[in-house]
Amino acid sequence: MGRTSLEHEEFLKSIDAFHLRVLAEIDYPQSLFREGKIQDTICLFGSARILSPEECREKETKDLSESEKKLFQKQKEMSVYYEAARKTASLITSWGKEISKDTRRMAVCTGGGPGIMEAANRGAKEAGGPSLGLNIRLPFEQFVNPYVDPEVSVEFHYFFMRKLWFLRLSMGVVAFPGGFGTVDELFETLTLIQTGRNNRKIPVILYGTKFWNDIFHLENMKEYGLIDPDDLNLITYCDTPEDVLETLKKKVPLDGD
């Protein structure tokens, strides 16, 4: 007897089955979230390279070169954002539990990896709520952190499908300091809202005003006429977890609002 197409691994990995793999990354997460009763999420983005306080203490015991010491000093400064993301996720999770009835509301969702993602998943788990991780297979940096809930988490092959699911259920985005990946996710979100492709007009929060103002000069885009003045209102800057929660409560449209 021959193999059916579903048993033909070479075919399923071929270019001819590309659309089947894409459909799988649409339907599989959808089924997981439905079974897990996840109604909506708040996405927390940020660098995979930011160290936890525990990692900082461990690194302090190592013999570092002068260049490594200089880098480590910056890493220690940035580690405050780990604890900030952890606390922010905990507050969001507690709020979600308060407003949840038959489904789970405002579930914390991250990229599932280390750094800020780990911190957010850790805070969500410590607060007793769902902790979603949408991981991606990469040759470096990315591994699944131990604080994601496997029953409501997914590992993606395709970046574009991962991005779809970041925003498919999202009621808000909080971007902590990060690199190219964080900025990519941030500006893609802003573009979808600016162009009306995200009908919810979800709030976008940049955590760490000084950091983001050092990185971006968005006012210059306005001065050059490249964005409308109102486009800057799509962004809210926050510097404490409590500010984030207050902003979300004001701007996230709940049922019946």
Within a reach of under 6.0 Å around [atom1] of [X], are more than 12 heavy atoms found that belong to other residues, nucleotides or ligands?
X	atom1	value
Arg200	CZ	yes
Phe160	CZ	yes
Lys70	NZ	no
Glu68	CD	yes

For [X] and [Y], does a side-chain donor sit closer than 3.5 Å to a side-chain acceptor?
X	Y	answer
Glu55	Tyr82	no
Gln194	Thr191	no
Ser131	Asp149	no
Glu118	Asn145	no

Supply the atom-to-atom distance [X] [atom1] to [Y] [atom2], rounded to the nearest 0.5 angstrom.
X	Y	atom1	atom2	result
Asn233	Asp230	CG	CG	5.5 Å
Leu132	Ile42	CG	CD1	12.0 Å
Ser79	Phe72	OG	CZ	8.0 Å

Does any N or O in the side chain of [X] come within less than 3.5 Å of the main-chain N or O of [Y], such that one atom is a donor and the other an acceptor?
X	Y	result
Asn198	Lys201	yes
Arg21	Ser14	yes
Arg104	Gly36	yes
Trp165	Glu25	yes

